[in-house]
> 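Below are the structure tokens for one structure; questions will follow.
Treat the numbers as computed from the prediction; the structure is a model and nothing was measured.
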Amino acid sequence: MSGYRRLRIGLAATATALALTGMVSPAVAADEGSSATGEDSSSLNVEDLAGVDVRITDPLAGGISASNFHSEINGWLPGKTSRKWTDEDYTEIKFTGCDATTGSRPNMGTSTHVKLWQYDVGPDDDLGEKKFTNCFTGSNKTSKGEWNRSSSSHSRWFEISKINGYNYDRYLKLEVDKVYVDTSKAD
């Protein structure tokens, strides 16, 4: 069996297993399309996986986890969380082209706070929060946050904790043209 076919079968099996255990939604690769209520309106497909860099942690066991990925944010309210990825020590999150709007007037936003979380057996670990402002100054402007914390391999995800300094606003929604998550300081 070719390496590509094994990888493809491994990705499908991993996504299915995670969805069945409730660790991620069935639309794990397209989580950004979710509504504010958490209902997914999309499904996992090959195009969604095409932009995902994959690290094979144990080729014989088929343990595969997404390491770096590109995405976008559409209509997120404070409290919305990203998909999860496996990470050990370094996480960098970049947002390019940010807007916060009510849908009637474009770009009323000036900032968003991004909080990084890590799975733990007890309460999940809050790894800290970064305030992103530069990405609101133009469609090609980028804000980034870096987190360094050495640990064994765990699931991590980010949360939009505030928009314009508020942790609750049912009308103001975040839009980000490009989201990039990087788990390797080497690149």
Side-chain angles (χ1 to χ4, degrees), residues 1-34 38 40 42-74 76 79-96 112-130 132 142-161 174 176 178-187:
M1 184 182 298
S2 73
Y4 172 75
R5 187 169 178 181
R6 275 192 299 247
L7 179 61
R8 192 168 142 195
I9 291 169
L11 282 171
T14 301
T16 302
L18 290 172
L20 291 173
T21 61
M23 292 179 69
V24 296
S25 68
V28 67
D31 189 13
E32 304 74 31
S34 302
D40 291 322
S42 55
S43 61
L44 183 64
N45 61 47
V46 175
E47 290 78 25
D48 294 325
L49 292 174
V52 176
D53 295 332
V54 176
R55 175 179 65 220
I56 300 176
T57 56
D58 183 356
L60 298 176
I64 297 174
S65 61
S67 56
N68 300 336
F69 62 87
H70 297 270
S71 192
E72 63 184 9
I73 291 176
N74 294 306
W76 282 21
K80 177 74 172 149
T81 59
S82 71
R83 71 179 96 168
K84 295 179 179 175
W85 66 89
T86 302
D87 206 340
E88 292 180 15
D89 55 6
Y90 175 82
T91 300
E92 179 181 53
I93 299 172
K94 294 181 184 180
F95 285 5
T96 302
T112 189
H113 286 74
V114 179
K115 184 182 286 192
L116 187 65
W117 291 93
Q118 179 173 286
Y119 171 79
D120 200 346
V121 175
D124 293 327
D125 291 333
D126 176 346
L127 301 183
E129 179 175 84
K130 309 286 183 180
F132 287 9
T142 299
S143 294
K144 79 174 183 178
E146 294 178 300
W147 290 262
N148 286 295
R149 180 171 175 183
S150 186
S151 68
S152 57
S153 184
H154 288 288
S155 293
R156 288 189 181 174
W157 62 96
F158 67 85
E159 172 189 1
I160 300 303
S161 57
L174 182 66
V176 181
K178 295 178 186 173
V179 173
Y180 179 63
V181 174
D182 182 7
T183 62
S184 172
K185 193 171 189 172
D187 56 355

> Taking all atoms of both residues into account, what is the closest heavy-atom pair of Ser184 and Tyr90, and its distance?
C-CD2, 3.7 Å

> Looking only at non-hydrogen atoms, find the nearest pair between Glu146 and Glu92 and report the distance.
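Looking at all heavy atoms of both residues, the shortest contact is OE2-OE2, 3.7 Å.
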
> For Lys115, which residues count as a salt bridge (charged side-chain N to carboxylate O under 4.0 Å, His left out) partner, sequence neighbours excluded?
Asp126

> Let me confirm one number: the OG-CD1 distance from Ser71 to Ile93, rounded to the nearest 0.5 Å.
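It is 11.5 Å, given to the nearest 0.5 Å.
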
> Tell me, please, which residues at least two apart from Asp125 pass salt bridge (charged side-chain N to carboxylate O under 4.0 Å, His left out).
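Result, salt bridge (charged side-chain N to carboxylate O under 4.0 Å, His left out) vs Asp125: Arg149.
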
> Check Thr183 against Asn68 and note the closest heavy-atom contact, atom names and distance.
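Taking Thr183 first and Asn68 second, the nearest heavy atoms are N-OD1, 2.8 Å.
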
> Sort out for me which residue in Leu127, Thr91, Thr81, Val181 forms a side chain to side chain contact (heavy atoms under 4.5 Å, CB included) with Phe158.
Val181

> If every non-hydrogen atom of Trp147 is compared with every non-hydrogen atom of Val114, which pair is closest and at what distance?
CZ2-O, 3.6 Å

> Which heavy atom of Glu159 sits nearest to which heavy atom of Gly79, and what is that distance?
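Distance-wise, the nearest heavy atoms are OE2-CA, 3.5 Å.
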
> Can you tell me which residue among Arg156, His154, Lys84 is in a side-chain hydrogen bond (donor to acceptor under 3.5 Å, both in side chains) with Gln118?
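The passing option is Arg156.
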
> Which heavy-atom pair separates Val176 from Thr96 by the least distance, and what is that distance?
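Scanning both residues completely, I find the closest heavy atoms to be CG1-O, 3.7 Å.
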
> To the nearest 0.5 angstrom, please state how far the CH2 atom of Trp117 sits from the OG atom of Ser161.
9.0 Å

> Is it the case that Asn74 and Glu72 place a side-chain donor and acceptor less than 3.5 Å from each other?
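Yes, side-chain donor-acceptor contact under 3.5 Å.
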
> Quick one: are Phe95 and Ile160 in side-chain contact, heavy atoms under 4.5 Å?
yes

> Sequence neighbours excluded, which residues qualify as side chain to side chain donor-acceptor pair (under 3.5 Å) partners of His113?
none

